[in-house]
Structure formats: structure tokens, C-alpha cells
Amino acid sequence: MKFEVLHTCKQSGAKIGKLYTDHGVIDTPVFMPVGTHATVKGLSPEEVKATGAKIMLSNTYHLYLRPGHELVEQAGGLHKFMNWDRAILTDSGGFQVFSLSSLRKISDEGMYFNSFLDGSKHFFSPEKVMEIERALGADIVMAFDECTAPGISHDEARSAMERTLLWLDRCSKIELKSHQTMFPIIQGNMYADLRKESIERTLPYAKCGIAIGGLSVGEEPRVMYDMLDVLQPLLPKDMPTYLMGVGTADYIVEAVSRGVDMFDCVLPTRIARNGSAMTKNGFITIRNAPYKDDFSPVEEGCDCYCCQNYSRAYIRHLIKADEIMGGRLLSIHNLRFLARLTEKIREAIWQDRLLDFKKEFLANYKA
RNA sequence: GCCUUAAUAGCUCAACGGUGGAGCACUCGGCUGUUAACCGAUAGGUUCUAGGUUCGAAUCCUAGUUAAGGCG
């Protein structure tokens with residue numbers, strides 16, 4: 001895997017790049033749809049591709065529990081199993097350590113946890129996670145990290161950061177398949193000194209990209225931007241930076257202008273299934289009454305399959321009637337919306353005017 | 001014509017003679033490395049009508065109205 005920088009924005013320092021994988025080339029900045037259970041909920045791979053996605057996420061923790069990484073390997077790997085021939089990134093389960101905290105116990109050795117499916121006991125060590133990710137066969141595999149919530153003490157944050165670094169070192173010793181590369185993850189909670197130390201000590205492990213974890217976990221946006229500001233001067237210039245879990249237009253624009261290149265988020269597809277659409281003016285809740293007889297497209301000027309063929313009124317009807325198609329159409333739109341956003345961002349970077357673009361974009365966007 | 005049963009929120013139904021609730025629908029809010037086609041909130045009532053019994057009636061009694069079923 002190789003990353004090539006094509007241009008750096010003179011106004012912002014943001015870069016346009018190409019990430020070459022065995023499963024295609026990814027233009028950055030990029031948004032990556034999430035398909036936790038080896039499917040972007042509700043959409044076929046063809047539909048996901050049609051939104052412009054060149055890479056998608058899947059999840060180590062969930063696929064390990066069901067159907068099992070051995071089975072995926074037996075099927076010929078994740079790409080073949082799910083019929084997706086473009087790039088895949090697997091998250092390590094570190095976030096599940098965090099979000100399913102009631103079910104786990106954590107130590108330097110790793111994480112003991114109970115399956116949310118049947119309560120059975122399991123253990124993830126960094127080595128075990130790498131072994132699973134190798135079996136799944138994604139192009140980019142995430143290191144096993146410990147994600148923390150805002151509000152913890154400096155000591156607790158340091159402890160999680162140290163553990164993440166310890167685990168990272170162990171992850172780095174496990175051999176992956178030839179087409180795979182591992183992204184290490186920066187932690188440090190909301191403490192500037194820890195974030196700085198974390199990136200400095202994590203960078204030596206970054207071969208083709210580096211990730212920022214533990215943000216967008218409930219803190220105020222300002223806090224996240226502050227952390228990105230701390231990291232920005234220390235980010236590598238020759239490889240992509242991936243801000244994990246971020247997926248609203250305003251966050252993406254703000255983060256790219258601070259040097260971030262890759263994003264993923266469940267939000268576009270989740271809020272779609274729950275009846276909301278992303279637009280350049282912010283979210284709109286299509287399921288609400290005002291759209292009952294609104295026969296215009298979800299977003300005027302959008303080139304997606306949804307907007308080209310269906311009205312807000314129809315989609316509202318589908319959502320209210322609990323018809324799957326409503327969530328599917330909005331998922332298509334929201335993914336296309338973010339793909340188009342990154343296209344516009346790349347264009348602005350080419351033209352060395354990303355900060356102007358950001359200002360114009362945010363002026364119309366209501367968070 | 002007679003008999004039986006029923007009538008409570010928009011719908012389907014709870015509620016011992018003791019402060020009328022639930023689910024769904026409606027309206028709105030939330031969702032950020034997916035335990036999420038999910039979660040939450042607001043609103044919604046002359047308990048069919050009129051009398052009666054009772055300290056107190058959705059609940060018991062009488063009459064009526066409407067509906068369903070049965071008998072003629």
C-alpha cells in the first residue's frame with residue numbers, strides 16, 4: 001500500500017492524495033461508509049459503489065462474534081464473502097471496548113468481555129485482534145486501542161494512552177497478509193499534553209497512515225477542534241490521517257482544514273434509517289409533517305439516485321409506513337452527500353482555497 | 001318485536017365501588033471508530049346519553065341511543 005500526495009492547499013495546509021490499495025485507489029480526503037456486519041445496512045455493494053464510495057469499514061468485534069472470522073476466511077476473506085471488490089478497513093474492536101463497557105473487564109493483557117449475543121466469555125489481546133483482522137483480510141486494519149469518554153481524569157487518560165501504546169507495540173509485531181497495512185491510533189482523551197505525547201510516540205508505528213481515536217465521543221465540538229489544533233502541526237505530511245467516527249459535514253470541513261484526510265461514521269446511514277437527511281444546510285427530518293406534501297427532491301441539485309427519482313413526500317410516506325425503502329433511499333442520499341462534499345473539498349484544495357470554501361460552507365450550514 | 005352482549009384517548013384494549021392507564025397511531029426531539037429500520041418526549045378523556053343508589057360510580061340500578069349476534 002502506498003500514499004501519494006498530489007497537492008497541498010497553500011491556504012490551509014490540507015492535502016489531496018491517492019491511497020493505492022490492492023482493491024483500488026482512494027482519493028483523499030475521503031469519507032468511508034460503515035458496514036459493521038459486512039454490509040452497509042440496507043444497501044447492496046453496487047448501491048454503495050454508486051454513491052462514489054471507494055472504501056468501506058467493517059468491524060472486527062462483530063464479525064468475530066458472528067459469523068466468526070474463521071468462517072469469513074473460509075469464504076475467501078471479507079471482500080469475497082460480501083462481494084465488495086473495493087478497499088475495506090476493519091475497526092479493531094477498541095471502540096466496542098468503550099461503547100460496550102458494561103460487558104467488559106480490561107487489563108494490560110487485553111479485554112475480557114461477554115458477548116452481547118449470548119453472554120459467552122471472550123478475551124481480546126492485541127495479538128488476538130490482529131489475528132482476527134488478518135483472517136478477515138481488510139486492506140487497512142486498525143490497531144487495538146482503548147477509547148475513553150470525556151470527563152475522565154488526567155491520570156485515567158494517561159493510563160488508557162499508555163495501554164494503547166503498549167497494545168500498539170504488540171499489534172505491530174504480528175504479521176499481516178501482504179496486501180494489509182495497520183493504522184495505529186492516537187489517544188490522550190481531551191488533554192493537550194497527552195494528545196501531543198500520544199502522536200509523538202505513535203508516529204514511529206505509522207507506515208501508511210495514522211488514526212485519531214477518542215474524539216467525537218460526546219465532547220463539545222470546540223473541545224474536539226482544540227485537540228485537532230494540538231495535533232495538526234505534528235501530523236505526518238506524507239501519509240493520511242484518519243479521524244475515527246466523524247461524519248457530519250461541519251466536522252468534516254473543520255477537520256480537513258486541520259489536516260485530516262479520512263473519516264468514517266455510522267451517522268449518514270443511521271439517521272437515514274431513522275428518517276433524516278443530510279443537506280448543505282444541515283440535517284432535515286424528512287419524517288416530519290412539513291414534508292407530507294413536499295414533492296421536491298430531498299436536496300435540490302443532488303445527483304444521487306434518491307434525489308433524481310423520488311420526492312420528500314414519497315420518502316416521508318415510506319418512513320412513516322415503516323417501509324425499508326425509505327431508509328434505503330435516504331442512506332443512498334446521505335452517503336452521496338458526503339461523497340460529494342469530499343469531492344468539493346478536494347476541488348477547493350486543488351484551488352488553494354479550502355479556508356474560503358469552509359467559510360462559505362459553514363455560513364449556510366446549520367448544525 | 002323479543003333476548004343477549006357491548007360502548008373508556010384517533011385505533012385496539014386495561015382499570016376490586018376509592019387519583020382513568022397501556023400499546024399502536026399522531027406531533028416533536030435525539031442519534032457521530034452501529035448491541036440502533038432505534039431511543040426518548042409532548043399531546044390526546046363530559047369513561048355513549050339522561051336519571052338513580054352511594055361519603056364516593058368507568059364500575060351497581062333504570063331508561064334511552066348505537067353496534068354486533070341470536071330468536072321470531
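To find a chain, count down the sequence lines: A is the first, B the second, and so on, and within it residues start at 1. Note: hydrogens, waters and symmetry copies are ignored here, and every other heavy atom, side chains too, is used. From a predicted model like this one, the values you see are computed outputs, not experimental measurements.
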> Looking at A37(B), U35(B), G33(B), which one has an atom nearest to any side-chain atom of His62(A)?
Replying inline: U35(B)
> Would you say the ring centroid of Trp84(A) lies under 6.0 angstrom from that of His79(A)?
Replying inline: no
> Hey, does the side chain of Asn59(A) come within less than 4.0 Å of U34(B)'s phosphate (OP1/OP2), counting only N and O?
Replying inline: yes
> Of all the choices, G33(B), U34(B), C28(B), which nucleotide is nearest to the side chain of Ala289(A) once you look at every atom?
Replying inline: C28(B)
>> For a quick test of reading the model: is some side-chain N or O of Asn288(A) closer than 4.0 Å to OP1 or OP2 of G29(B)?
In response: yes
> If the P atom of G17(B) is compared with that of C28(B), how far apart are they to the nearest Å?
Replying inline: 42 Å
> With ring centroids as reference points, do Tyr61(A) and Phe113(A) lie under 6.0 angstrom apart?
Replying inline: yes
> Does a distance-only test, which skips hydrogens and angles, find a donor-acceptor pair under 3.5 Å between the side chain of Arg270(A) and the base of G30(B)?
Replying inline: no
> Whole Å only: how far is the CD1 atom of Ile186(A) from the C1' atom of G33(B)?
Replying inline: 14 Å
> Between the base of U35(B) and the side chain of Ser99(A), is there a donor-acceptor distance below 3.5 Å?
Replying inline: no
>> On the side chain of Asp145(A), is there an atom forming a donor-acceptor pair with the base of G33(B) - under 3.5 Å, no angle test?
In response: yes
> Nearest to the side chain of Lys320(A) - C26(B), G33(B), G29(B)?
Replying inline: C26(B)
> At under 4.0 Å, does any side-chain N or O of Gln96(A) touch on OP1 or OP2 of G33(B)?
Replying inline: no
> Should stems be defined as at least three consecutive Watson-Crick or G-U pairs with both distances under 3.5 angstrom, which of them involve RNA chain B?
Replying inline: B:1-7 with B:65-71, B:10-13 with B:21-24, B:27-30 with B:38-41, B:48-52 with B:60-64
> So, for Phe263(A) and Phe31(A), is the gap between ring centers shorter than 6.0 Å?
Replying inline: no
> Gly218(A) near the nucleic acid: base, sugar-phosphate alone, or nothing, with a heavy-atom cut-off under 4.0 Å?
Replying inline: nothing
> Phosphate oxygens OP1/OP2 of A36(B): is one of them under 4.0 Å from a side-chain N or O of Arg273(A)?
Replying inline: no
> Any side-chain N or O of Arg316(A) less than 4.0 Å from the OP1 or OP2 oxygen of U27(B)?
Replying inline: yes
> Which is true for Gln187(A) with a 4.0 Å heavy-atom rule: it touches a base, it touches only sugar-phosphate, or it touches nothing?
Replying inline: base
> Is the gap between the ring centers of His333(A) and Tyr305(A) under 6.0 Å?
Replying inline: no
> Taking the side chain of Cys265(A) as its heavy atoms from C-beta onward, which of A37(B), C28(B), U32(B) lies nearest to it?
Replying inline: U32(B)
>> Closer than 4.0 angstrom, basic N to acidic O: yes or no for Glu197(A) and Arg158(A)?
In response: yes
>> Can you see if the side chain of Ser216(A) gets near the phosphate of U32(B) - specifically, an N or O under 4.0 Å from OP1 or OP2?
In response: no
> How far does the P atom of A43(B) sit from the matching atom of C48(B), given to the nearest Å?
Replying inline: 24 Å
> Just checking Asp322(A): base, sugar-phosphate only, or nothing, at a heavy-atom cut-off of under 4.0 Å?
Replying inline: sugar-phosphate
